[in-house]
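Below is one structure, written out as structure tokens; the observations come after it.
When a ligand or atom number is given, it counts from 1 through the structure's own listing order.
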Amino acid sequence: MHSKTIAELAEGLKIGDFSSEELTKSFLQRIKQYDAELNSFITVSEDHALAQARAADELIAKGASSVLTGIPLAQKDIFCTNGIKTTCGSKMLDNFIAPYDATVIHHFNQAGAVMLGKTNMDEFAMGSSNETSFYGSVKNPWDTTTVPGGSSGGSAAAVAARLAPAATGTDTGGSIRQPAALCGLTGLKPTYGRISRYGMIAFASSLDQAGTFTQTAEDSALMLNVMSGFDEKDSTSVDKDVPDYTANLSQPLNGLKIGLPKEYFGEGLNADVAKVVEEAVAEYKKMGAEIVDISLPNSHLSVPAYYVIAPAECSSNLSRFDGVRFGYRCEDPKDLEDMYKRSRGEGFGEEVKRRIMIGAYVLSAGYYDAYYLKAQKIRRLISDDFKAAFEKVDVIMGPTSPEVAFKAGEKSDDPVSMYLSDIYTIATNLAGLPGMSVPCGFSNKMPVGLQIIGNYFDESRLLNIAHQYQQTTGWHKQMPEGYK
Ligand code: GLN
């Protein structure tokens, strides 16, 4: 049962091959068996999951179910879940039980999906290796001496090891696509505003977007159908119809124009990864696509601009964690100032503190124009590069990550080299565009991801392009040894 896709499981539930309760129990059993090693879950909500599964079985018996009814899923621990601990990977929220559901969680509940638990993540979603979590690092099931990527590394590891058929993630600079690439999964970050951010703990509000980790593009479409849509509780969610994302999956790709940015194939890209990605592009050519060389001339500025804008926004967003209203409070404070200082000092980890300090600096009166304003101007140039590219091509392809999963600890003392893990993903967030990562082969026995970037709200096309590739190749079906 555990190696099936959402679509296959939904069929099994419908025809009565198994119940949601049996299915949920089998995934809970796998979590017990494997997660001590992987550490992909912070909280396993067993009783809640079984109650949801029984309720789903009743709906199915009554004929009142939809596709996701009874399907077990893992949720990134950045989404608030009513009555169940929500930590965002931080000591600061170790005792936080949200009094409400994030809109994404609400949608899944309405659809009758089952939540197995909350997945591990880099603290406040800051990281590319899942080594900054207060709850310990997550291991990559393909090789447990390597990282799963971050910040949604728990979701990626859990789905790769089939401890859940699919999971949610969030992507501020690459946190869905990069771990999807490193763990051999299909990852989708939709257009900014496609999915409500209400109840999703904020890192950098103008960049954060929820999305999916699945085995296939079809599953991703099924989840997106449920997650998307306008939400009056999030003024940045876009009031635009939600199409049926499964409707165009089978469209042929004849005449599709694929742009290859020369900046995504230059220095810094591992030669083996480049080869695997080029072979994937060649496969698209065989399917009738036309390959066009393009340039995104400001690409080299995306990491520096991001590391001004994201810290600026996080320093503001994280100022609410002050030990007063909720979250961690230090023991025996001397006075108010001591309480603020020690609660924040003890509650946040190193990487979060580094970002808050950078953010406060670039927003300060003397440096605002020099850093923050300049970064915003660069952000516009980067968006304009994409706009020009999409006049010539339908989608853009390239590698998701410059290399396969690296060894745990390898980049922990070198933040800049860690930041460069997202060199090909960050520009998409700065522009607000949708992007996917699709498994396209292996290098040194580790998965490689192909990135597909689309124009605004062109998720249907991205899913179609990924789905067609998954009809002719089998990379997405590979599973790590030891978890089969
Ligand atoms: N790795 C990037 C960072 O640390 C992106 C994280 C994310 O997308 N949440 O900021």
Contacting atoms of ligand 1, where contact means under 4.0 angstrom from a heavy atom of M126 | 4 (O)

Does R355 reach ligand 1, in the sense of a heavy atom lying below 4.0 Å from it?
-> yes

Look at atom CG of D414 and say whether more than 12 heavy atoms of other residues, nucleotides or ligands are closer to it than 6.0 Å.
-> yes

Under 4.0 Å from any heavy atom of D171, which atoms of ligand 1 are there?
-> 8 (O)

Lys/Arg cation over aromatic F406: K411, 6.0 Å, 45° cone = yes

If you measure from each heavy atom of Y419 to ligand 1, is any distance below 4.0 Å?
-> no

re atom 2 (C) of ligand 1, the protein heavy-atom contact at minimum distance is D422 OD2, 3.0 Å

Worked verdict on E351 versus T132 for side chain to side chain donor-acceptor pair (under 3.5 Å) = CA-CA 7 Å; E351 183 61 27; T132 74; over 6 Å; no

T172 N/O to ligand 1 N/O under 3.5 Å = yes

Using heavy atoms and a threshold below 4.0 Å, how should the contact between S151 and ligand 1 be classified: side chain, backbone, both, or neither?
-> side chain

With a 4.0 Å cut-off, would you call D369 and K374 a salt bridge?
-> no

Shortest protein contact, atom 6 (C) of ligand 1 (heavy atom only) = S175 OG, 2.9 Å

Can you name the nearest heavy-atom pair linking L38 to Y483, along with the distance?
-> CD2-OH, 3.4 Å

Please say whether G174 places an N or O atom under 3.5 Å from an N or O atom belonging to ligand 1.
-> yes

Does an N or O from A125, backbone or side chain, lie closer than 3.5 Å to an N or O of ligand 1?
-> yes

How about Y469 and W475: are their ring centres within less than 6.0 Å of each other?
-> no

Might you work through the ring pair (Phe, Tyr, Trp, His ring centres under 6.0 Å) test for F134 and Y328, ending with a clear yes or no?
-> CA-CA 13 Å; F134 174 63; Y328 174 81; 8.9 Å; no

Taking the six-membered ring of F457 (Phe, Tyr or Trp), confirm whether the NZ or CZ of K240 is under 6.0 Å from its centre and within 45° of its axis.
-> yes

Which atoms of ligand 1 sit under 4.0 Å from any heavy atom of Y306?
-> 2 (C), 3 (C), 5 (C), 6 (C), 10 (O)

Report the nearest protein non-hydrogen atom to atom 3 (C) of ligand 1: residue, atom name, distance rounded to 0.1 Å.
-> Y307 OH, 3.3 Å

